[in-house]
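Structure, as structure tokens:
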Amino acid sequence: MSAAASAAENANCNSGAAPQRSSPVAGKSSEAPGDKHQGVPPPPYSMDSALGGHPMPLYQPHAPAPGAVIDPDMIEDHISFLRTVRAFHHYKRQAMAAREMRRTNFRKLQDQHRDLLCIDLDKILDKYLECIEVNSTFFDAICEASEELFDSYWPEGTTVRMEEVPPPTPLDMDKVFSTLRQFVRDWSAEGVAERDCVYKPILDTLERCFPSRSERENVRVLIPGAGLCRLSVELALRGFFAQANEFSYHMLIAGHYIQNHVFESCQHRIYPYSDSTCNLVNRADQFAEVQIPDLCASEAIDALRDEGLSFGQLSMVAGDFTEVYAKPHQQKTWSVVATCFFIDTAHNIIEYLEIIYNLLVPGGYWVNVGPLLYHFADSADDMSIELSLGEVLTVAQRIGFVLNGPPTFIDTTYTNNQRSMKQLVYRCAFFVLQRPLTDTREKNHKQGGTEVKTI
């Protein structure tokens, strides 16, 4: 990971707030396994056949002005960002390779077996092609908007030339395909039930804790692992100061587009399941159309203003949570940390708990919902500390948190295809912890009690 990974970058969504300069996360952290919760196998394509002759991305970032000096530690970040853009732009080529493989397999059938088929293969392949074309157009729009995002991250430009950007990795491409399903979860009417299971408890809790809307502009809510930022937008619509933190370039680039470059509800149609050929009940399920977004941020802001209500400040920060938010200036500056399907992304979950505690003002809340599918548990190359839920809560209380009631459990899916014969359900823990108004450890330290390290 480069030294630049410890910095952050704000990309604001219609909030009027000035962007804060620094750099997004680089290197390995941009490869975070955020898709592990999705339970979606990669599409059956051949990388070797699909990756020859890469199409160039839609733009070349501008070169530095004469005399400008580019921090060499940023080059890795630039390359990672541009490789992600290339992966989005490469979607069509990859999807077409998968389609061609499936067409070839059907053509290999013996005549007697082909006669038994009850499908019009040409019609299916034509529809498959149409879905790929529509999805590709959507990704091209995301790529085009990414130029603006790159310039906001690195306004001084880059010395990296597009021909120096390596081709997308298999993981890059898997994330491109899963990004379509993430849009369904966060920004479609089809995803309402799945969102309500986990977002509504968080929203209801914060509205109950901070009932006065007029005072919420001073309630700073941090959302680590924000993905495509639907939860942070919902918080800002309720008047809160909401900051989304994300380290996946796939999510940052796509989330920037849906918040800042979509200007009406249902502006796009996508076919998120066109490459899913297993567990189909009906062939039509493969080509189900989903319209996004079900809520347009700019329209929702205009509707608030028509009602005389204010939209809270909203920003997105790129960077590794443990590096961006462990900074001393972040301590005791947040009223709430809201985590949803996030804490199991930790290499060391104890470190996460300490950082969250330190971030909160006295009396601040940590609201969590999610499972404990530790992302690095099966990696021989990465540290992974896997605690049970009971152990997590015990450690949190030893750090200083107060548990506001026992955890409750919510059964839910994650980027689920509700039409599929395969349904993966998580039993998520929902709990609220609070930093006390008086830190007992600090008090003991000041009164000469048992010596404890003050956090």
Side-chain angles (χ1 to χ4, degrees), residues 6 8 10 12 15 17 20 199 201-226 231-232 234-246 310-317 319-340 342-343 346 349-370 392-393 395-405 407 430-447 452-455:
S6 63
N10 283 3
N12 295 283
S15 65
Q20 300 174 12
Y199 293 170
I202 295 174
L203 295 169
D204 289 349
T205 297
L206 297 194
E207 288 186 310
R208 185 170 61 252
C209 292
F210 305 97
S212 174
R213 184 184 178 97
S214 63
E215 297 177 2
R216 289 178 188 165
E217 63 181 353
N218 298 316
V219 178
R220 291 166 50 86
V221 184
L222 174 63
I223 308 97
L231 179 57
S232 55
E234 293 288 353
L235 286 163
L237 289 171
R238 288 159 174 79
F240 292 99
F241 179 114
Q243 184 169 104
N245 166 234
E246 180 57 58
S310 61
F311 179 72
Q313 292 192 52
L314 176 62
S315 60
M316 177 187 287
V317 170
D320 182 275
F321 173 71
T322 60
E323 297 188 31
V324 174
Y325 293 97
K327 304 294 185 184
H329 73 271
Q330 293 280 358
Q331 294 185 9
K332 295 185 179 181
T333 61
W334 295 93
S335 311
V336 178
V337 176
T339 53
C340 182
F342 173 71
I343 61 173
I349 192 169
I350 301 172
E351 181 184 24
Y352 269 24
L353 303 187
E354 286 186 326
I355 292 173
I356 292 171
Y357 185 86
N358 291 339
L359 288 171
L360 292 172
V361 299
Y365 298 93
W366 172 29
V367 185
N368 175 79
V369 62
V392 168
L393 294 176
V395 169
Q397 290 174 90
R398 288 183 174 182
I399 288 171
F401 278 110
V402 175
L403 181 62
N404 289 7
F430 171 71
F431 56 80
V432 179
L433 293 166
Q434 189 172 17
R435 177 170 181 160
L437 290 171
T438 302
D439 191 317
T440 304
R441 294 169 304 163
E442 290 184 358
K443 184 177 180 180
N444 288 340
H445 183 77
K446 291 176 182 178
Q447 292 179 347
V452 236
K453 182 181 179 181
T454 303
I455 294 179

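It should be emphasised that the depicted structure is a prediction, and the values quoted were computed from it without experimental measurement.
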Could you give the distance from CG (L353) to CZ (R398), rounded to the nearest 0.5 Å? 13.0 Å
Calculate, to the nearest 0.5 Å, the distance between atoms NZ and CG belonging to K332 and L359 respectively. 12.0 Å
Relative to the ring of W366, is the ring of F401 parallel (under 30°), tilted (30 to 60°) or perpendicular (over 60°)? tilted
Heavy-atom closest pair, residues R213 and L237: NH2-O, 2.7 Å
How far apart are the closest heavy atoms of K327 and E323, and which atoms are they? CE-O, 3.3 Å
Can you give me the closest heavy-atom contact between P436 and Y357, atom names plus distance? CD-OH, 3.9 Å
Side chains of L231 and L203: does their closest heavy-atom pair fall under 4.5 Å? yes
Would you check if the side chain of R216 reaches a backbone N or O of F210 as a donor-acceptor pair within less than 3.5 Å? yes
For residues I355 and A326, report the shortest heavy-atom separation together with the two atoms involved. CD1-CB, 4.2 Å
Are any of the side-chain heavy atoms of Y365 and C209 separated by less than 4.5 Å? yes
Contact between F240 and V336 at the side-chain level, heavy atoms closer than 4.5 Å - yes or no? no
Mind checking whether F430 and T205 have side chains closer than 4.5 Å, heavy atoms only? yes
Can you find a pair of side-chain heavy atoms, one from S232 and one from I223, that are under 4.5 Å apart? yes
Straight-line distance of E207 CD to L235 CG, nearest 0.5 Å: 9.0 Å
List the atom of Q434, the atom of N404, and the distance in Å for their closest heavy-atom pair. OE1-ND2, 3.6 Å
Taking every non-hydrogen atom, the tightest pair across L222 and F321: CD2-CE1, 4.2 Å
Quick check: does any side chain N or O of N245 sit under 3.5 Å from a backbone N or O of V317, one acting as donor and the other as acceptor? yes
Measuring from atom CD of Q243 to atom CZ of R220, what distance do you get when rounded to the nearest 0.5 angstrom? 6.5 Å
Rounded at 0.5 Å granularity, tell me how far CD1 in I399 sits from CD1 in I356. 9.0 Å
Trace of the side-chain contact (heavy atoms from CB on, under 4.5 Å) decision for Y352 with T322: CA-CA 7 Å; Y352 269 24; T322 60; 3.4 Å; yes
When rounded to the nearest 0.5 Å, the distance separating CD of Q331 from CG of L360 is 11.0 Å
